[in-house]
Amino acid sequence: MRLGVCWYPEQWPEEWWADDVRRMAEMGLTRVRIGEFAWSRIEPDPCRFDWGWLDRAIDLLHGAGLGVILGTPTATPPKWLVDRMPDMLAIDRAGRPRRFGSRRHYDFSHTGYRAEAARITRALAERYGRHPGVVAWQTDNEYGCHFTTLSQSAAAAAAFRIWLVRRHGNIDALNRAWGTVFWSQEYRSFDEIDPPTLTVTEPNPAHVLDWRRFASDEVVAFNRVQTDILRAASPGRDLMHNFMGFFTEFDHHEVARDLDVAGWDSYPLGFLDQFWFSAEEKLRFARQGGPDIAAFHHDLYRGCGRGRWWVVEQQPGPVNWASWNPAPLPGMVRLWTLEAMAHGAELVSYFRWRQAPFAQEQLHAGLLRPDREDDQGAHEARQAAADIAAIGAAGPPPKSVALILSYESLWVTEIQPQGRDFNGLELAYEMYAALRRHGLDVDILPPDAPLDGYRMAVVPCLPIMPEALRGALARLDGPVLIGPRTGSRTADFRIPDALPPDGQLPLKVVRVESLRPGLELAGEGTTVRRWFETLETALPAEESLTDGRPLVVRAGAARYLAGWPDRALLDRLVERLAGEAGLDPIPLPDGLRLRRAGDLRFAFNYAPEPLRIDGLLADAEVLVGGPDLPPAGVAVWR
Amino acid sequence: MRLGVCWYPEQWPEEWWADDVRRMAEMGLTRVRIGEFAWSRIEPDPCRFDWGWLDRAIDLLHGAGLGVILGTPTATPPKWLVDRMPDMLAIDRAGRPRRFGSRRHYDFSHTGYRAEAARITRALAERYGRHPGVVAWQTDNEYGCHFTTLSQSAAAAAAFRIWLVRRHGNIDALNRAWGTVFWSQEYRSFDEIDPPTLTVTEPNPAHVLDWRRFASDEVVAFNRVQTDILRAASPGRDLMHNFMGFFTEFDHHEVARDLDVAGWDSYPLGFLDQFWFSAEEKLRFARQGGPDIAAFHHDLYRGCGRGRWWVVEQQPGPVNWASWNPAPLPGMVRLWTLEAMAHGAELVSYFRWRQAPFAQEQLHAGLLRPDREDDQGAHEARQAAADIAAIGAAGPPPKSVALILSYESLWVTEIQPQGRDFNGLELAYEMYAALRRHGLDVDILPPDAPLDGYRMAVVPCLPIMPEALRGALARLDGPVLIGPRTGSRTADFRIPDALPPDGQLPLKVVRVESLRPGLELAGEGTTVRRWFETLETALPAEESLTDGRPLVVRAGAARYLAGWPDRALLDRLVERLAGEAGLDPIPLPDGLRLRRAGDLRFAFNYAPEPLRIDGLLADAEVLVGGPDLPPAGVAVWR
Amino acid sequence: MRLGVCWYPEQWPEEWWADDVRRMAEMGLTRVRIGEFAWSRIEPDPCRFDWGWLDRAIDLLHGAGLGVILGTPTATPPKWLVDRMPDMLAIDRAGRPRRFGSRRHYDFSHTGYRAEAARITRALAERYGRHPGVVAWQTDNEYGCHFTTLSQSAAAAAAFRIWLVRRHGNIDALNRAWGTVFWSQEYRSFDEIDPPTLTVTEPNPAHVLDWRRFASDEVVAFNRVQTDILRAASPGRDLMHNFMGFFTEFDHHEVARDLDVAGWDSYPLGFLDQFWFSAEEKLRFARQGGPDIAAFHHDLYRGCGRGRWWVVEQQPGPVNWASWNPAPLPGMVRLWTLEAMAHGAELVSYFRWRQAPFAQEQLHAGLLRPDREDDQGAHEARQAAADIAAIGAAGPPPKSVALILSYESLWVTEIQPQGRDFNGLELAYEMYAALRRHGLDVDILPPDAPLDGYRMAVVPCLPIMPEALRGALARLDGPVLIGPRTGSRTADFRIPDALPPDGQLPLKVVRVESLRPGLELAGEGTTVRRWFETLETALPAEESLTDGRPLVVRAGAARYLAGWPDRALLDRLVERLAGEAGLDPIPLPDGLRLRRAGDLRFAFNYAPEPLRIDGLLADAEVLVGGPDLPPAGVAVWR
């Protein structure tokens, strides 16, 4: 695995550059991402380009043996461009333009801006596409960040109407699909349809789902404009985009189809702070990040990238953007690096080389401090480089458990949670974590992925079940766990005629309930919270409420789970199903996580206490660490 | 009492209709509400009407002996209408149009839309006004739902100015009434006056109160357009509107004056979830609704309808619109039905016949499931029909305790809470519940209702005391409980010269205090929270703080309560006053509620535990149930 | 010290005036503030003035020996003025005009309104500038109240661009200063720059800081328009503005430079309710206000006024504007009055004379009730007048501890809190309170104040350290406590090249962390919460974390505090440093506060329990009170 770093030569005196590059190479880095926010330096005035500084930076890096990952700067169009077409700004939920002054100030649907994005991409590609130092391209930066996928603009409304024509063909078909007879919402023409925003009360969910699909497709189309240009003008280079964490506003699988590599930006502490984790977890793992946060995304983006994936931005210390920003435990930067290796990353690139003393991210740590001294991250990157050398090449990732994640299905539960705390992504994460608490290796896959070779499958919550997945699950030789709400909606956001799960198993969900915190259903050795479904079925119950109602029913090797599971139930199900699959699930101590890569075995201690893993190391060839794992400790053996 | 259901034939294949109607009749239903959201099917294009389907549906129902309640579809104008006059959309608090895409997308003050509403009402009335199958009309649907009463539109502002001219006559009178000398708010002409919105800090409360009165009057006027047409074109039919729960944005008494019947939509679980109830109550009664929620509205709308009232929409299972939506306990649908009977309803109509598998309410249960099978609600409706037959006709409601509720006074405390948790409606509800915890029968009455024949009166919180009520209270032969803030404001939202309660009793409120949670005043056997008033009076104190300050003072049979009461104090006051009134108050077990109807006695168990009521049944002729009341159990005897 | 009151003759029948004025004089009052909201009565129509009533009111007061403080009415322009130039309204954060209907409905940057403000000020000054009864002027009222300092208007944007030209000279300098190379934010001209609002994500912090500075300067300029006129036309009169509590939107030191006297409006109960105090404090001191709230502002505004300061509005009972509004403990109005005297006030003026029975503040107590009877405040004002007479003239305030507060630095932490609960003002308050818990007298000073004569200095949190302060601290002969984040930013909001604290002490802050509630760092006898800084230094640690990292380091008599201190640590530091300074710090019982004024000693009991202070009174000449201090009790001795 390679190490790299994100560097912004335009932000520093040119006389520092040579020293920077020398130290990068000395630190063991071989890849440097540059350029993705530099539009105003590349093109200071309309059509007046200043290539000199970028030529020199790329040549310098190339000369030092550092491969350049060059970013298109389309996430930060300059002010002169915005002033020439102010309606390129997206419109927020309240109907206001989202103004210049930070970044991502553009509307994905604006054709004028798409042309400008193509123009600057082409200019870069023509100049550097065949430069030997440029080994890869990044398109734009963190699509959708700051909730920019959805825009209420006139441009988006117009494009949406065309999209609807393509999807539904004629207006009668749309009316039928959406059920617009309800509340006299019928349309006589596509021209009558608006984005489903600022309505008096909730809009039609099928309308919203199509709006979400449309918005996601606009990201795909925007990205493809760039990949088409780059692929033509820069042959042999990897095309990549850097995705984010726990982000669902567009379909990452679809965007990734046009890329060679799925990148993602890993900020475990910020993600723990900003998402659904309990107060206890936010304290216990405040300096490590939840033990499954980074791994969940590694396994997700490996799937997006069809095996090829990078950590493009790796948190190197405290950041600036979460509600609170503590420092990682000493050792965590190294741990995160080696964990990415364990999951099969080709590259871990730290963000950023040196902390900037100015502008928005001045409290975001770098490998270097603003005074050019090494920060803690630099020490750990060096250690990681040494570890990687000691470990050698990692083998291919194992095929073990497939967990199915569909962005379209996540939109369904976002649009219609039915209980305020129903979060489809959280449910997927919970099931993922349960598998990992038992030492299992997981691939997170799109619903159209083939499942050949997997030993077990988990479908956490997939309201819209594609036919392909039904077939793949039927063919799978191993247990399958199907979570609540799966198969509960057609592609047009209707309850299927046969009731959920729409024939997936011989049962019918005849009633659903959401449960406020504290309203619990007692089961045998489990408690159901948040969600419960009443089943009509002849299938035998494997788990039940104390009043006898079925909670988990079994049909062959498949199980249907009729409620939101607690940890005890998840652990039991994982042990049972993984046991049947012959996967040898072992309950791990709290905070310990394992991962296989070929014949390599990795162990990571996310707990704030030391752990002893001598049992795992019996007869092993230990490459890194040993039987005593301190907090943030790593062991690698074969 | 009749049973009925809400049916949307336009939403289903016509080949299902006959079976639907047959099963309705078989289930014991005799009334069917239809049509209230069907504008786009009645008039698919401007002035092109499609009556065929509605003719057939009405004829079919009529042929099966089911009386039709026909709704005017004005809550859901079609898109073509909105596109022809976009300014018919109401304007929200932030100044934005509330767009098409759900329902209630219209401004009550828009004269163009009023003409359209008259036009479609006239068209329906002319076609079906004398149809023998049509037994009643519903105007529009749930006025004000989704906070649509108030609109910041130009239409509303213009109408408000005219309304102000009518109320105040000349601008000097308005300036005096509002006290606009304060903060140089004086107006030189009515044309200078705007709605009191988006002001820098709080607007003048008298300005806001007039704005609220105006907005309420606009609902009255909008409704009257329809009732005038229907009364002329459909003689002998009941005119009805379906009101909502815990909703105070317009004066329901005023709207109801133009109706024959006050309808309301009863969703006990949703109301418990969405309103002020404690976390404990929200859990204990999660599947029943608070034990006084449905009854409070029954007794309120009986007063609105001058004795005639219906439950137009009865929750038949889980709904879709609350923060969490659990299922009712088995038996609750039947209990709610029989409780409406006990309170004198003429009709209970379930919403809706069949759960729709599409659009916004696809997770709202019906009597039937989306797959056309009976849901739990159907079984309970059948049981209720059998119970009703066994019970026979209920006698007239008793005259016992009168509780006075004034929408205008609720607006006063909404406009000027003075403490963040002062809620006049909640205080009325608390007093109502205390009466019911002692088995008493309550009529909730408007402040201008005659009180002849009542044994006791409760005035929970009536800042603006109409003269008529002062007289009626003085004439009442029985105890009166007057709650805090009563008589504290003139009709122009001023503190009366004589200080509150403005001569109602020989005392002066010389200071008011609001108390944050935790800031408590200890009394003898009670604790005062939220609100306390310092009295200057020679009246003897019946209840006091431990420091001697009076909390309840007595003047003859009347009491003034100088603070927000806790449950202990309310129980004591109810026992004392109802005892004096000879009403024989009996503290009931938690969750048990009673109600008389002629010589019938009803008992309802809202507790999640079984209760034993053998003491109540001694020497009784038991018609339904028995001494052991399970959860959701009902007993009826004479 | 004088007593006064705020009176609104325009709000009352003229036949009441003589009685009002007679009773004021009888009560011991000698100053009356009038006129500040009376524009619509002074100029009912454009350029038609009605001076009669105001002539008579001023003559009446003057005849009774009451000095008039006359307010310019610019906080409440009449409706006719707004209608003539609607764009004089400020624009809120969401881009909407802040409309007429309350007060402060104007934009500080609107040149048309500035001209109108000058016109009405000139009219008043010309008529009353040399009236013998007019002893002082108040400009406007509570600048910034209701968050009116910042406006997103076109007027403000235009003025901001000019302000930026003045500050930065040319656009390249601005780009360098702000670091706009980050995210391609570079500007080619000042015309391209907008206010930093409604941006997609956070704007550049240097951009925001300049915006905040600009907005503050606009308040200064707006005020100066009036003071220039008044100074010329009303020689010998004091010019004053009434500032607010815990308000940081503009630089009060800068506004006060154009005034003779700094006034402020003291509402201890409302401030306790609305600000950061813990739930426990909000209950314990609900009826007193936190024991340091009033004093903090006394000591702050004494600094603003260069020694001359008034309490212009003193809370006389319950108010109307906090979330909850309880009544003060009996005695607190007197206590607050005498406490102002102890801190050197020249005047305490109660707000207001009589409670208004109408308009927005009808639940704000006055000295009199709406029915013209004395309220509790009147009794206590009389008692205070008697106490003041008994005490005699207070001597000059002592020079003891200087605490440095900079509005510019508060803006820095508001713009970049880095942890959600980092509040620079709160940290200053905590340090102030710790000093006061040890009986110390504090002067709160601007960062450019000379420190000669002080025995000790505290710099709670001053990211931007002016050179003058560096020098003053270096020259100070006594201990200095420097809090976290001090010296952490340049004037252009950059991290200094030498790292924080930018050479102030021989140390470098190499990492900062914010800590969510519950994430704590254990120290020896202390716990660090919210904020921690990692130091690189050879200085000895005086306080450390249990893991050895330094928390307080010492350089001579100066200390640097590397985290948010808890109460235990603050107490220890105050005892240590004040001990070194020879100030004799004594830990006081909870709720007791002391203050010196010349040879007078004051003690105030803010606790809800009685306290015994016999130890303090040994050998004293007691002027007021005695060894037993009841709640709200005061003792004065020499």
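All values below were derived from every heavy atom in this structure, side-chain atoms included, with hydrogens, water molecules and symmetry-related copies excluded. We name chains A, B, ... by the order of the sequence lines, and we start the count at 1 in each one.
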Against chain B, work out which of [options] has the most heavy-atom pairs shorter than 4.5 Å and name it.
options: Ala75(C), Ser102(C), Ser40(C); value: Ser102(C)
options: Arg287(C), Gln355(C), Arg372(C), Arg104(C); value: Arg287(C)
options: Pro97(C), Ala286(C), Ser323(C), Ala365(C); value: Ser323(C)
options: Asp375(C), Thr76(C), Val82(C), Asn325(C); value: Asn325(C)
options: Arg98(C), Glu373(C), Gln362(C), His105(C); value: Gln362(C)

Portion of [X] that has a non-hydrogen atom of chain C nearer than 4.5 angstrom:
X: Pro496(B); value: neither
X: Asp497(B); value: backbone
X: Leu519(B); value: both
X: Ala94(B); value: both
X: Thr197(B); value: both
X: Pro203(B); value: both
X: Asp492(B); value: neither
X: Leu521(B); value: side chain

Apply salt bridge (Lys or Arg N to Asp or Glu O under 4.0 Å) to Glu10(C) and list each qualifying residue two or more places apart in sequence or on a separate chain.
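If we apply the salt bridge (Lys or Arg N to Asp or Glu O under 4.0 Å) test to Glu10(C), skipping adjacent residues, there are no hits.
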Residues His168(B) and Asn175(B): side-chain donor-acceptor under 3.5 angstrom
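Looking only at side-chain atoms, Asn175(B) and His168(B) do not form any donor-acceptor pair under 3.5 Å.
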Counting C-beta onward and ignoring hydrogens, is there a side-chain heavy-atom pair between Trp80(C) and Pro44(C) closer than 4.5 Å?
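Sidechains of Pro44(C) and Trp80(C): no contact.
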Residues Asp83(C), Lys79(C): salt bridge by 4.0 Å N-O rule
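Lys79(C) and Asp83(C): salt-bridged.
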Nearest 0.5 Å, please: how far is [atom2] in [Y] from [atom1] in [X]?
X: Trp16(C); Y: Arg354(C); atom1: CH2; atom2: CZ; answer: 5.5 Å
X: Gln360(C); Y: Gln416(B); atom1: CD; atom2: CD; answer: 10.0 Å
X: Trp12(C); Y: Asp19(C); atom1: CH2; atom2: CG; answer: 12.5 Å
X: Thr74(C); Y: Leu81(C); atom1: OG1; atom2: CG; answer: 11.0 Å

When [options] are compared by non-hydrogen pairs under 4.5 Å with chain C, the top option:
options: Val208(B), Asp194(B), Val512(B); result: Asp194(B)
options: Gly179(B), Ser184(B), Gly95(B); result: Ser184(B)
options: Arg530(B), Arg516(B), Arg489(B), Arg188(B); result: Arg516(B)
options: Glu520(B), His207(B), Arg494(B), Lys508(B); result: Arg494(B)
options: Trp178(B), Phe493(B), Trp531(B); result: Phe493(B)

Over 60° means perpendicular and under 30° means parallel, so classify the ring planes of Phe49(C) and Trp51(C), tilted if in between.
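Geometry flag for Phe49(C) against Trp51(C): parallel rings.
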What are the two closest non-hydrogen atoms of Ala38(C) and Pro73(C), and how far apart are they?
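In this case the closest contact between Ala38(C) and Pro73(C) is N-CB, 4.0 Å.
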Check ring pair (Phe, Tyr, Trp, His ring centres under 6.0 Å) between Phe532(B) and all other residues, then give those that pass, not counting sequence neighbours.
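Listed in chain order: nothing, the list is empty.
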Please name all residues satisfying ring pair (Phe, Tyr, Trp, His ring centres under 6.0 Å) with Phe147(C), sequence neighbours left out, ordered by chain then number.
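Residues passing ring pair (Phe, Tyr, Trp, His ring centres under 6.0 Å) with Phe147(C): none at all.
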Taking the six-membered ring for Trp, are the ring centroids of Phe190(B) and Phe160(B) within less than 6.0 Å of each other?
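Ring centres of Phe160(B) and Phe190(B) not closer than 6.0 Å.
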Residue from Asp502(B), Ile482(B), Thr486(B), Thr490(B) passing side-chain contact (heavy atoms from CB on, under 4.5 Å) with Met465(B):
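Between Met465(B) and the candidates, side-chain contact (heavy atoms from CB on, under 4.5 Å) is satisfied uniquely by Thr486(B).
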Would you check, one step at a time, whether the test side-chain contact (heavy atoms from CB on, under 4.5 Å) holds for Arg369(C) with Arg511(B)?
CA-CA 9 Å; Arg369(C) 306 187 325 211; Arg511(B) 169 167 282 187; over 6 Å; no
Contact listing (chain B partner; residues 277-285 of chain C; heavy atom under 4.5 Å):
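At a heavy-atom separation under 4.5 Å, chain B is reached by Lys282(C), Leu283(C).
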